[in-house]
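Below: one structure, written as structure tokens.
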Amino acid sequence: MNLKELIISLSSLMSVTGYESYSTDKLVEIMGKKFDESYVDNIGNHIFVKKCGKENAPRILIDCHFDEIGMMVTGYKKGGFLKVTNVGGVDTRLLPSSEVVIFGKETISGIFATTPESDRRFGDDSLKPIDQLVIDTGYPDDELKELCPLGTPVSYKGEYHLLKNDKLVGKAFDDKACGACAVYGIDAVDSLDLVADVYFVFATREEIGCVGAGPAAYGIDPDYALVMDVTNSWIPEMTGMKWTAIGTGVSIDISPVTNRKLTKMTAKLCEEKGIKYTLRASPGSTGTDANSTGTVREGIPTVLCSLPLRNMHTANELLLLDDAKALADLVSEFIKSKEIAEVFAR
Amino acid sequence: MKKYYGTELVGKLSELFGPSGCEGNVAEFIISQIDDCCDAYCTDRAGNVIAKMCGSGLEYNAAEPRKVMVCAHMDEVGVMIRDFDEDGYIKIAPIGSIDPRVLCGRNLVLGDEDKRIEGIVASKAIHMQSPEERKHATPIYKMNVDIGANTESEARAELDIGDVGVFASNFSLFGKDGRYMKGKALDGRIPCAAMIEIMRSFRESAKALPCDVYFAFTCCEETSFSATRVAAQTIKPDAAIVLDSVEAGDAVSGEPSCAVKLGEGVAISFADRGAIYDRRLTELAIQEAENGNVKYQIKKTTSGKTGAVNIQRACEGVKVISLAVPVRYMHSASCVADSEDYISLKNFVYTMITANKI
Amino acid sequence: MLNILKALNNCPSISGREHSISNKIMGYIAPLTDKVYEDAMGNLIAVKCGSAEDKKKIMLCAHMDEIGFMVTHIEESGMIRVTTIGGINFVSACFSYVVSERGVKGVLVPNAGVPAAEIKAENVYIDIGAKDKKEAEKKVKLGDFFVAEPSVEKIGKRICGRPMDDRIGCVALIKIAEKLSETECKNDVYFCFSVQEEVGIRGSLTAAFAIAADYGIAFDVTATGDTPGSKPMECSIGGGAAIKIKDSSVICDKLVVDKMIELAKENDIKYQCEILLAGGTDTASMQRAGAGAHAGAISIPTRYIHSNVEMIDSGDVNACVDLAVAFVQNV
């Protein structure tokens, strides 16, 4: 599987926050023999280990979150409709008429109802909050209740295609595209070249407050960590600087919550190995799993590397394959770097 | 060319590229489906496809044949390219009535009759939106379409100002046992499909028609330019049956009791914002529906309008009646219609014409 | 059950000042369990040891604290100004009797002329009937807390009063301990009566870290969708134990939710599923403390939460207890 295929196959898995277990089997199948061990911890993190073969080896944590934003069934409306609430940051601007997949006892498709023209006042562009929207399923009411009990997860329908210049479009690249880069990057390295045992964590519940990464890091107790997430790339609707545009390679975050020295060394690594990168100032909290890993146990030195992404949290997220390739390369170099291991391995 | 039937035919039509003013692909496909079941057909100068089936038999007055026109529109709502920006994004304007709330974040296909470029309506991430921005849809004139171009010149190499676009949306069956149909442009294309299949029914049953029947597949219904009027002026019919769709507001309407309901049959309306329909024909339609056991409902509101307005006022005036198929989420990428209603529509028109009372 | 509830409701204890309720609960729980201790934050933890070889650690958690007011200032007139602890509903709190930790009675009143919608901590005061500051200071010290007067009433088939949130959860825990003490207990069960839940789920986080349980189950109240004007919600009082799927702080472990539903069906326990759109619980902290746990919650459907007339159904509470016992013995 090449990187593009890996991104698509991981991103298209259903992994709405809290329901990642629906895809455990498929995930393990995709991972194949790339790792030596895999397990799911108590809270639901999917953890994959690649051993370096040395005894008492240090441990590197590579964290991406597996969950994607989505919705959850909260009730029913006569006529075959479902009521839902959001799980994570769902943009209601995108919902009317959008297609969704409902993962009940059977997987069925649904469509968010729109405001009928007869109810539309001229020039009205107001958006209803999600609890006032309904999903049309085309099923009889009693059957629907049976098929989709309360709590049934709902996700965007994912369709993947390439636009000009190798720009890949689809749902849930946040953060499974980074996950694909991690897996691809780790797989590209021979075990003998690893400077440590590599723990790749596909973390749970990031979208509702970075819940899974902390417990994962606590359980693994790594020497140092690389957290990878997507970052908002500039699009014309945004005001201000054209920051972290796609095409600028890996975005390395400099933040008070991450380790400054590890960050600098990672940037230097990119420099040496010819990996395209940009530095990004994140003066506050990063809003990623890096917030959690840094403060676990005695404090885990963490670096945050991001993949620029347009249209985040929509069914049409857009990334540039070159950026993803750069991120995968960085992962490979990071787990081979003796220089970093010398400083940060305990 | 291969002939398509039933929901497959609706599906094929639904996926065709045909915003108002650019219906060539749809016209071509329709001709491929009807070329062997009518007596004559042509594409007129406004772009309408008009097919004729001649009457015969005892009830037919060959000297002064009555002319009945059946029409439906081929076009769909869409967008037109207005401008490009330096980063290769495309600015658009709506063709027809599109609620901005159904356009944000959608997949589009841009181009004209010959070329197709995929694009998406870019959307600022929810993280970057102010609370106020979250309450309102982005106006269409502020939307940016991303085709992957890095610069203006790259985008202009693919597309030009005035090129058009439609929703990218695959047709599929939907709901329990696939009873419903989901796709774009169903509001016009279901009536088009119905007309194609009605023509085939006449031909296959070798039914002697009491009048000459003109089937007009018209252009530009979604805009103010009325190609339908041109068709009516060419045909000069005695009466016209206008097939269209009506928004089924039973999903979310504040007053569901007034709303047209999906699955309850063809909607007959007495009047809408465009026309007050011929009373005798409307009564007749209801009667024929009852006799022929065709499922129908009365549209209880006067919202919306159809191409009938342009036929009624053409030349010396034409008696018109409107039959509409209920469609949910009209003018969006995901219209939903009931295949039972589609069958009702076909039966209705067949019954009306063969009854020879029009 | 009613007697225990009355006893617990009558121990005013706002967040951070749970000593009185903790002592009271100790009296009930100690005879039913093998070990009881209090941790640094003040969480009361009682342990019932299991006998199975492959036994697991299960943490059951209900919070002891309640919402209330803390004295910040006494005016020359003898009126007492307060700040809020936890989410106060002023519609209910105003013009009602309040009582301090020292047993001083008073009434909570808004400043004259304040429109109802604008009532907040800054413009309410407590009148304890003192003629001036000097007299008031004899009865009330800065930092003292007040709560709305505790009560328990039977109203029709329901039980009404305050603070049901979350004394009813504590009662449930005691009842669970009671049932488990009658039989052989398979797993190690940690009964945690947590502190400071109302101010942001603080106590259970450290307790959960220390216990490092495999499973964490919270017992707390949840809102219902069965009253006029309530937000649409598929949960009602009298509808049985509410198995939490989600609230604003947590998405429960799928495994736990499924297991609970299965056990409820098997044992004929009345249950319903709960998705609470506003409000958090100790479930969240148990899920994420340390290396994480399989976390879920069994909620007691409650009308008029955070008012003086919180209403519950005793049948629901019994269902919660039965479901918890089934879970503890079968997981």
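In what follows, chains carry the letters A, B, and so on, assigned in the order in which the sequence lines appear, proteins first and then strands, with residues in each chain numbered from 1.
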TODO: Kindly write out the residues that satisfy salt bridge (charged side-chain N to carboxylate O under 4.0 Å, His left out) with B/Glu154, not counting sequence neighbours, or none if the list is empty.
DONE: none
Open item on the list: Can you confirm whether A/Lys105 is buried at NZ, in the sense that more than 12 heavy atoms of other residues, nucleotides or ligands lie under 6.0 Å from that atom?
Closed with: yes
Open item on the list: Quick check for you: to the nearest 0.5 Å, what is the distance between B/Met143 atom CE and A/Glu237 atom CD?
Closed with: 8.5 Å
Task: Contact leader toward chain B among A/Pro129, A/Gly80, A/Ser98, A/Ala315, where contacts are heavy-atom pairs under 4.5 Å - done: A/Ser98
- [ ] Measure A/Lys164 against the heavy atoms of chain B and call it side chain, backbone, both or neither at under 4.5 Å.
- [x] both
Task: Exercise: do B/Tyr180 and A/Asp136 side chains pair donor with acceptor under 3.5 Å - done: no
TODO: Take atom CD1 of B/Ile276 as the centre, draw a 6.0 Å sphere, and report whether it contains more than 12 heavy atoms from other residues, nucleotides or ligands.
DONE: no
TODO: Name the option with the most non-hydrogen atom pairs under 4.5 Å to chain A; the candidates are B/Ser97, B/Gly105, B/Cys104, B/Gly88.
DONE: B/Cys104
- [ ] Of all the heavy-atom pairs spanning B/Ser123 and A/Leu94, show the shortest one and how long it is.
- [x] OG-CD2, 3.7 Å
Open item on the list: If you define the side chain from C-beta out and look only at heavy atoms, does anything of B/Glu118 sit under 4.5 Å from A/Leu163?
Closed with: yes
Open item on the list: Which atoms of A/Glu317 are under 4.5 Å from chain B, going by heavy atoms: the side chain, the backbone, both sets, or neither?
Closed with: neither
Task: Value rounded to 0.5 Å, distance of CZ in A/Arg310 from CG in B/Asp146 - done: 4.5 Å
Task: Engaged part of A/Leu318 at the chain B interface, taking heavy atoms whose separation is under 4.5 Å - done: side chain
Task: Per-residue contacts, residues 267-275 of chain B versus chain A, heavy atoms under 4.5 Å - done: none
Open item on the list: Less than 4.5 Å to any heavy atom of chain B: does that hold for the side chain of A/Glu106, its backbone, both, or neither?
Closed with: neither
Open item on the list: Give me the atom names and distance for the closest heavy-atom approach of A/Glu99 to B/Ser169.
Closed with: OE2-OG, 4.2 Å
TODO: Kindly indicate whether the side chain of B/Lys182, heavy atoms from C-beta on, has any atom under 4.5 Å from the side chain of A/Ser109.
DONE: no
- [ ] Any chance you could lay out the side-chain contact (heavy atoms from CB on, under 4.5 Å) test for A/Asn311 and B/Ile120, step after step, and finish with the verdict?
- [x] CA-CA 10 Å; A/Asn311 315 327; B/Ile120 54 176; 3.4 Å; yes
Task: B/Lys115 atom NZ, neighbour heavy-atom count above 12 within 6.0 Å - done: yes
Task: Test item: B/Asp85 and A/Pro236 side chains (from C-beta on) under 4.5 Å apart, heavy atoms - done: yes
Task: Residue part contacting chain A, namely of B/Tyr329, when any heavy atom lies under 4.5 Å - done: both
Task: B/Ser334 backbone acceptor or donor facing A/Ser97 side chain under 3.5 Å - done: no
- [ ] Identify which part of B/Arg179 has an atom lying under 4.5 Å from any heavy atom of chain A, answering side chain, backbone, both or neither.
- [x] neither
TODO: Pick whichever of B/Leu262, B/Asp177, B/Thr138, B/Ile117 has the most heavy-atom pairs under 4.5 Å with chain A.
DONE: B/Thr138
Task: Spatial distance of atom CD (B/Glu133) from atom CG (A/Asp91) [nearest 0.5 Å] - done: 10.0 Å
Open item on the list: Are A/Ile111 and B/Arg328 packed together at the side-chain level, in the sense that at least one heavy-atom pair is separated by less than 4.5 angstrom?
Closed with: no
Task: Heavy-atom contact with chain B under 4.5 Å, split by part of A/Ile235 - done: both
Task: A/Thr92 portion near chain B, given a 4.5 angstrom heavy-atom threshold - done: side chain
Open item on the list: Which atoms of B/Lys124 are under 4.5 Å from chain A, going by heavy atoms: the side chain, the backbone, both sets, or neither?
Closed with: both
Open item on the list: Counting only heavy atoms from other residues, nucleotides and ligands, does the tally under 6.0 Å from NZ of A/Lys145 exceed 12?
Closed with: no
Open item on the list: Less than 4.5 Å to any heavy atom of chain A: does that hold for the side chain of B/Asp338, its backbone, both, or neither?
Closed with: neither
Task: side-chain hydrogen bond (donor to acceptor under 3.5 Å, both in side chains) partners of A/Ser282, counting only residues at least two apart - done: A/Asp253
TODO: Report the residues that fulfil side chain to side chain contact (heavy atoms under 4.5 Å, CB included) with A/Asn232, sequence neighbours left out, ordered by chain and then residue number.
DONE: A/Met238, A/Met312, B/Ala125, B/His127, B/Met128
TODO: Report the residue from B/His136, B/Arg101, B/Lys135, B/Gln129 that forms a side chain to side chain contact (heavy atoms under 4.5 Å, CB included) with A/Arg93.
DONE: B/Gln129
Task: Which atom of A/Val90 lies closest to which atom of B/Ile126, heavy atoms considered - done: O-CD1, 3.3 Å
TODO: Of all the heavy-atom pairs spanning A/Thr114 and B/Glu247, show the shortest one and how long it is.
DONE: OG1-OE2, 4.4 Å
